[in-house]
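Accompanying notes for the structure given below.
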Amino acid sequence: MVNNPTEFGMVLGAHMSIAGGIDSSVDRAADLEMNALQIFSHNVRSWSTRELTEEEIRQFKKKRENFGVDYAVVHTSYLLNLASPKDDLWEKSKKGLIEEIRRAHLLGIPAINTHIGAHTGSGLENGIDRLIAALKEVEGTDEFEGSEVKILLENTAGAGTKLGSDFAELGKVLDELNNSDRYGVCIDTCHGFAAGYDFSTEAGLKETLEEFDHAVGLDRLDLIHLNDSIGDRGSHKDRHAHIGRGRIGDEGFAAVVNNPDLRELPFILETPKEELDGKKADRVNLDRVMYLRE
Ligand code: ZN
Ligand code: MN
Ligand code: MN
């Protein structure tokens, strides 16, 4: 018998590979008895995308239903920079985001999670303005208006010129957008910790969530990326560790997965995939999370 998140009252899964077809991701999730899943909707190292086949879409939906993978989210391509000062990259990024919405809609996936971009030297204000302008344009497209796909903005570790390491920046962006019910936030625990927020103790988490509530609003929090951090708090290093084996540690994750404001949310692991303790690392990390659940 393996532990199953549903028995723990959790919505829990991991980012899974789509190698061999989008629907293969659901087979992999089902093998590990996840009830939640995150995927890329295409090869994210390339701007060009292969059209999804009807068969692939049908299989993806059918398998999700059969295996009880209740929650799914698309992670957008890392190539997107919606805050770029360069017009060509900015245009491509808007198109890329629209394509992610279109594909999520086709797959029956209710949300896409995206990094909000980097100002690459043009300055924070400039970057935020570009991002808001990009999202407003996306809001006017048929793909956005003709679907209910939600856009989740992910916090970052704040490496280089990346936006979104400060919750206040996320709040500021969300306040400027029109279709507020179509946006939400994803907190990545590794990114937040590396950005300087404390996730390593119950008291630290409480303070962190108070800040988030003030800057963004806990009602706008839709998803948690559950990753431990190799880098110290405030290091701005985006390096994910296995659950409980980084600087956040078991105490921090116990606080996160049992917190009354967080415990009902979907938790997605983006932890390293190498073998761990002679098992699949995802298996070990999923078990760790369920062990910490009260
Ligand atoms: Zn991400
Ligand atoms: Mn993440
Ligand atoms: Mn990361």
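- Between F67 and L37, every side-chain heavy-atom pair lies at or beyond the 4.5 Å cut-off.
- Note on residues 135-171: pairs passing ring pair (Phe, Tyr, Trp, His ring centres under 6.0 Å), not counting sequence neighbours, are F167-Y197, F167-F212.
- Applying the salt bridge (charged side-chain N to carboxylate O under 4.0 Å, His left out) test to residues at least two apart or on different chains, the pairs with a partner in residues 138-162 are K150-D222.
- Scored by the salt bridge (charged side-chain N to carboxylate O under 4.0 Å, His left out) test, K206 finds E210 as partners (sequence neighbours excluded).
- For K61, there are no salt bridge (charged side-chain N to carboxylate O under 4.0 Å, His left out) partners at least two apart in sequence or on another chain.
- Interatomic distance, E274 CD to T271 OG1, rounded to the nearest 0.5 Å: 9.0 Å.
- Contact check on D250 versus R288 returns a salt bridge, with a Lys/Arg side-chain nitrogen under 4.0 Å from an Asp/Glu carboxylate oxygen.
- Counting only residues at least two apart or on different chains, the ring pair (Phe, Tyr, Trp, His ring centres under 6.0 Å) pairs with a member in residues 229-282 are H191-H240.
- In this structure, E91 pairs ionically with K94, as a charged nitrogen and a carboxylate oxygen lie closer than 4.0 Å.
- Remark: side-chain polar atoms of N258 are paired, donor with acceptor, to backbone N or O of E294 under 3.5 angstrom.
- Of all non-hydrogen atoms in P110 and A72, the two that sit nearest each other are CD-O, 3.4 Å.
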Point to revise | Verdict with supporting geometry, I151 and L177, side chain to side chain contact (heavy atoms under 4.5 Å, CB included) | key: CA-CA 11 Å; I151 302 175; L177 299 167; over 6 Å; no

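- Using cut-offs of 30° and 60° on the angle between ring planes, the pair H75 and H115 is perpendicular.
- Of the possible donor and acceptor atoms, none in the side chain of T120 sits under 3.5 Å from a partner among the backbone N and O of S84.
- For T201 (side chain) and G252 (main-chain N/O), no donor-acceptor pair under 3.5 Å exists by modelled atom type.
- A donor-acceptor pair is defined here as one N or O able to donate and one able to accept, closer than 3.5 Å; no such pair exists between the side chain of N35 and the backbone of G68.
- In this structure, the side chain of N81 engages the main chain of A118 through a donor-acceptor pair within 3.5 Å.
- Residues P5 and E33 come closest through the heavy atom pair CD-O, 3.0 Å.
- In this structure, R247 contributes its side chain and A194 its backbone to no donor-acceptor pair below 3.5 Å.
- The salt bridge (charged side-chain N to carboxylate O under 4.0 Å, His left out) search around D282 returns K273, not counting sequence neighbours.
- The backbone N or O of G9 sits less than 3.5 Å from a side-chain atom of R293, completing a donor-acceptor pair.
- A heavy-atom distance below 4.5 Å is not found between the side chains of V185 and L152.
- A donor-acceptor pair under 3.5 Å is absent between the side-chain atoms of N43 and the main chain of T49, judged by distance alone.
- Annotation: side chain of V289 is not in contact with side chain of L292 (no heavy-atom distance under 4.5 Å).
- Counting heavy atoms from C-beta on, the side chains of H225 and T189 never come closer than 4.5 Å.
- Side-chain contact between L269 and M34 is absent, with no heavy-atom pair separated by less than 4.5 Å.
- For E125 and K172, the salt-bridge test passes: some basic side-chain N is under 4.0 Å from an acidic carboxylate O.
- At distances below 3.5 Å, at least one donor-acceptor pair connects side-chain atoms of R233 with backbone N or O atoms of G196.
- Put simply, the side chain of R283 gets close to the backbone of L32: a donor and an acceptor are under 3.5 Å apart.
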